[in-house]
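Notes follow the structure.
Note that ligands are numbered from 1 as they come in the structure, with each ligand's atoms numbered from 1 the same way.
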Amino acid sequence: MEGCIFCKIISGDIPSKKIYEDDKVYAFYDINPEAPTHFLVIPKEHIESANTLDDSNIDIVSHIFKVIGKLVVDLGISDKGYRVVNNCGEDAGQTVKHIHFHVLGGRSLQWPPG
Ligand code: AMP
Ligand code: ZN
């Protein structure tokens, strides 16, 4: 979608530190990491947020979690643990309106979040 920074990352118009890519998803390191390991997994299809998931696009979520399961092993954070976060909407602090799943690990994470 025009004007979307994550669509531009997928197309290569904005550079990123890619971790993984297939025909459906793209994974890359967050530019402002909140943990020693912090990456994002996004669908290649522009979906604005969890609020716009429906029967036509929901299958991408299971694929994203399958990819996350592989990447956390590859990056060595699966054993000690990690957190998967989806911020949806203003109150959750969603700043990029292209659905994304944060994966954070490599340190002890606090709960509840602020
Ligand atoms: P959220 O606040 O949940 O919408 O998360 C958006 C995330 O995207 C933030 O953690 C940003 O640091 C990250 N981000 C924004 N622009 C870029 C970029 N060009 N490359 C990598 N990560 C980015
Ligand atoms: Zn987009």
Quiz item: Relative to the Zn ion (ligand 2), which of the N, O or S atoms in H46 is the closest?
Solution: ND1
Quiz prompt | Part of F6 with heavy atoms under 4.0 Å of ligand 1, whether side chain, backbone, both or neither | solution = side chain
Quiz prompt | Pairwise side-chain contact, H102 with V84, heavy-atom cut-off 4.5 Å (strictly under) | solution = no
Quiz item: Looking at the rings of Y82 and F39, which for Trp means the six-membered one, are their centres under 6.0 Å apart?
Solution: no
Exercise. Output the distance between atom NE2 (H46) and atom SG (C4), rounded to the nearest 0.5 Å.
Key: 5.0 Å
Exercise. Please write down residue, atom name and distance for the protein heavy atom closest to atom 4 (O) of ligand 1.
Key: T95 N, 2.7 Å
Exercise. Indicate the ring-plane relationship of F28 and F6, choosing parallel, tilted or perpendicular according to the 30° and 60° boundaries.
Key: perpendicular
Self-check item: Nearest protein heavy atom with distance in Å, relative to atom 14 (N) of ligand 1
Solution: I31 CG2, 3.8 Å
Quiz item: Are H100 and H98 close enough that their ring centres sit under 6.0 Å apart?
Solution: no
Quiz item: Is ligand 1 under 4.0 Å from a heavy atom in the side chain of Y29, in the backbone, in both, or in neither?
Solution: backbone
Practice problem: For the Zn ion (ligand 2), find the closest N/O/S atom on H98 and give its atom name. | Solution: ND1
Quiz item: Non-hydrogen atoms of G93 versus ligand 1: any pair closer than 4.0 Å?
Solution: yes
Quiz item: Tell me, do C7 and I9 make a side-chain contact under 4.5 Å, heavy atoms counted?
Solution: no
Quiz prompt | ligand 1 atoms in contact with Q94 (distance to a heavy atom under 4.0 Å) | solution = 4 (O)
Practice problem: Would you check the N or O atoms of N87, main chain and side chain alike, for any that come under 3.5 Å of an N or O of ligand 1? | Solution: yes
Practice problem: Output the list of atoms in ligand 1 that are nearer than 4.0 Å to some heavy atom of V96, sorted by atom number. | Solution: 4 (O), 6 (C)
Quiz item: Which value, rounded to 10°, describes the SG(C7)-the Zn ion (ligand 2)-SG(C4) angle?
Solution: 120°
Quiz prompt | Protein heavy-atom partner closest to atom 7 (C) of ligand 1 - residue, atom, separation in Å | solution = D30 OD2, 3.5 Å
Quiz item: Between H102 and ligand 1, which part of the residue brings a heavy atom under 4.0 Å of the ligand: side chain, backbone, both or neither?
Solution: side chain
Exercise. For N32, take its heavy atoms, then give the atoms of ligand 1 lying under 4.0 Å from any of them.
Key: 12 (O)
Practice problem: Just need the protein heavy atom nearest to atom 15 (C) of ligand 1, so name the residue and atom and give the distance. | Solution: I5 CD1, 4.0 Å
Practice problem: Please state whether L40 comes within less than 4.0 angstrom of ligand 1, counting heavy atoms only. | Solution: yes
Quiz item: Any Lys/Arg nitrogen of E21 or K44 sitting under 4.0 Å from an Asp/Glu carboxylate oxygen of the other?
Solution: yes
Quiz prompt | I9, any N or O under 3.5 Å of ligand 1 N or O | solution = no
Exercise. Compare all side-chain heavy atoms of L104 with those of T37 and state whether any distance is below 4.5 angstrom.
Key: no
Hey, can you pull the donor-acceptor pairs under 3.5 Å for the side chains in residues 52-65, sequence neighbours left out?
from, atom 1, to, atom 2, distance (Å)
T52, OG1, E48, N, 3.3
T52, OG1, S49, N, 3.2
T52, OG1, S49, O, 2.9
D54, OD1, S56, N, 2.9
D54, OD1, S56, OG, 2.5
N57, OD1, D54, N, 2.7
N57, ND2, T52, O, 3.1
S62, OG, D59, O, 3.0
H63, NE2, D22, OD2, 2.8

Quiz item: Identify the closest protein heavy atom to atom 1 (P) of ligand 1: which residue and atom is it, and at what distance?
Solution: H100 NE2, 3.1 Å
Quiz item: Could you go step by step and tell me if Y26 and S16 meet the side chain to side chain donor-acceptor pair (under 3.5 Å) rule?
Solution: CA-CA 10 Å; Y26 190 90; S16 66; 2.8 Å; yes
Quiz prompt | Rounded distance [0.5 Å steps], CZ in F101 versus CG in L40 | solution = 11.0 Å
